[in-house]
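These numbers were taken from a predicted model, which means no experiment stands behind them. For reference, positions follow the sequence shown, starting with 1. FYI, side chains are in, hydrogens and waters are out, and symmetry mates aren't considered; it's all heavy atoms of this structure.
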Amino acid sequence: GLFTTGGAAVFVFSALLAAEQAGLGATAISVAFALNAAAGVVPARWGAPGLPPAVWLSVTGLCAFAVAAVPNGVVFVVAVTLWGFAFWAAIPPTFTLLARKSRYPEQRAGDAQAVMAIGRVIGPVMAGVILDLARPWVLGAVAGAVMVGAGSIVAKVARQD
C-alpha cells in the first residue's frame, strides 16, 4: 500500500511534471511511457537480476523522486524507463516473499493487490494536495521516501525467520 501510494502520487502527475518542468512535448512523454512499459518486459518475463526485491522497490522510489524533482527531459526519460524495469523486478518477487512468509500463501497475492489498489486511490489525492501547497520536489521527496520506506519494510520481512 505504501509502495503504490508513493508511486501513484508521482506517476499520475508525471506527464504534467514532464511538460511543465522539463518542457517535454507529447511525443517525448509518450516515448518515455512506452520505454517504461518495454523495460518491464525483461524482469516480468525472465525475473529480476540478482538484487533482492527491497532494492528494486527502493530504486522505484529514487526514480519517483527524480521524475518530480529534477526538471530535465533526459532525467525524466531515464527515470521513467528505469522505474518500469525496477517495478517489475520488485513486484513478482515481493508477492512470492509474502506468500512464502504466510500461513495462507494462496491468499497473499490477492490481499497485496487489494492493498496496492488502496494506495492507487490515496496517492494521487496526496499528490494533488502537495502540488497545490508546495513545489514538485516536495512531492518527489515525500513519494520517494514512502516508496523507499516500503522497500525497507520488505527487507525486514525478508530477514524474518
**Q** Please tabulate, for side-chain N and O atoms in residues 122-136, each donor-acceptor pair with protein atoms closer than 3.5 Å (sequence neighbours left out).
**A**
none

**Q** Applying a strict under-4.5 Å side-chain criterion to I, L, V, M, F, W and Y, I'd like to know whether Val55 and Val154 cluster together.
**A**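 Looking at the clustering, Val154 is in a separate group from Val55.
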
**Q** Strictly by ring pair (Phe, Tyr, Trp, His ring centres under 6.0 Å), give each pair with a member in residues 122-146 just once, sequence neighbours left out.
**A** none

**Q** Are any side-chain N or O atoms of Thr96 and backbone N or O atoms of Pro92, one a donor and one an acceptor, separated by less than 3.5 Å?
**A**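 Present.
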
**Q** Closest approach of Val10 and Ala143, non-hydrogen atoms and distance?
**A**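 Shortest heavy-atom separation between Val10 and Ala143 comes out as CG2-CB, 3.5 Å.
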
**Q** Can you give me the closest heavy-atom contact between Met116 and Ile91, atom names plus distance?
**A** CE-CD1, 3.9 Å

**Q** Honestly curious: do Val77 and Leu16 fall in one hydrophobic cluster under the side-chain, below-4.5 Å linking rule?
**A**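 The answer is yes; both residues are in one hydrophobic cluster.
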
**Q** With clusters built from Ile, Leu, Val, Met, Phe, Trp and Tyr whose side-chain heavy atoms come within less than 4.5 Å, directly or transitively, what are the remaining members of the cluster of Val148, listed by chain and number?
**A**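 Listed partners: none, Val148 stands alone.
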
**Q** Tell me every residue that passes side-chain contact (heavy atoms from CB on, under 4.5 Å) with Phe85, counting only those two or more places apart in sequence or in another chain.
**A**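 Listed in chain order: Ala39, Val42, Pro43, Pro49, Trp56, Ala89.
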
**Q** Hey, could you give me the CZ/CG distance between Phe76 and Leu17, rounded to the nearest 0.5 Å?
**A**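 Between Phe76 CZ and Leu17 CG, I get 8.0 Å after rounding to 0.5 Å.
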
**Q** Who clusters with Val70? Use side-chain heavy atoms, under 4.5 angstrom, across I, L, V, M, F, W and Y, and order the result by chain and number.
**A** Val75

**Q** By side-chain contact (heavy atoms from CB on, under 4.5 Å), which residues pair with Leu2, not counting sequence neighbours?
**A**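 Leu2: side-chain contact (heavy atoms from CB on, under 4.5 Å) contacts with Val146, Ala150, Ile153.
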
**Q** At what distance, to the nearest 0.5 angstrom, does CE of Met147 lie from OG1 of Thr60?
**A**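 Going from the CE atom of Met147 to the OG1 atom of Thr60 covers 3.5 Å.
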
**Q** If Ile, Leu, Val, Met, Phe, Trp and Tyr residues are connected whenever their side-chain heavy atoms lie under 4.5 Å apart, and connections chain through other members, are Leu62 and Leu82 in the same group?
**A**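 No, no single cluster joins them.
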
**Q** Looking at Ser58 and Gly151, what are the two nearest heavy atoms and their distance?
**A**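 Scanning both residues, the minimum pair turns out to be OG-CA, 4.0 Å.
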
**Q** Hey, can you pull the donor-acceptor pairs under 3.5 Å for the side chains in residues 23-36, sequence neighbours left out?
**A**
| unit_1 | atom_1 | unit_2 | atom_2 | d |
| --- | --- | --- | --- | --- |
| Ser30 | OG | Ala26 | O | 3.2 |
| Ser30 | OG | Thr27 | O | 2.8 |
| Asn36 | ND2 | Val80 | O | 2.9 |

**Q** State whether the side chain of Ser14 and the backbone N or O of Phe11 hold a donor-acceptor pair below 3.5 Å, judged by distance alone.
**A**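 A pair under 3.5 Å: yes.
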
**Q** Going only through I, L, V, M, F, W and Y residues with side-chain contacts under 4.5 Å, is there a path from Leu57 to Ile118?
**A**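 Per the 4.5 Å side-chain linkage, Leu57 and Ile118 are not co-clustered.
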
**Q** Tell me who clusters with Val74, hydrophobic residues only, linked when side chains sit under 4.5 Å apart either directly or through other members.
**A**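 Its cluster partners, ordered by chain and number, are Val78.
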
**Q** Going only through I, L, V, M, F, W and Y residues with side-chain contacts under 4.5 Å, is there a path from Val157 to Val59?
**A**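 As far as the 4.5 Å side-chain criterion goes, Val59 and Val157 are not connected within one cluster.
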
**Q** Contact between Trp88 and Trp83 at the side-chain level, heavy atoms closer than 4.5 Å - yes or no?
**A**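 No; the side chains remain at least 4.5 Å from each other.
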
**Q** Heavy atoms only: give me the nearest Gln113-Arg120 pair and the separation to one decimal.
**A**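 Heavy atoms of Gln113 and Arg120 come nearest at O-NH2, 4.4 Å.
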
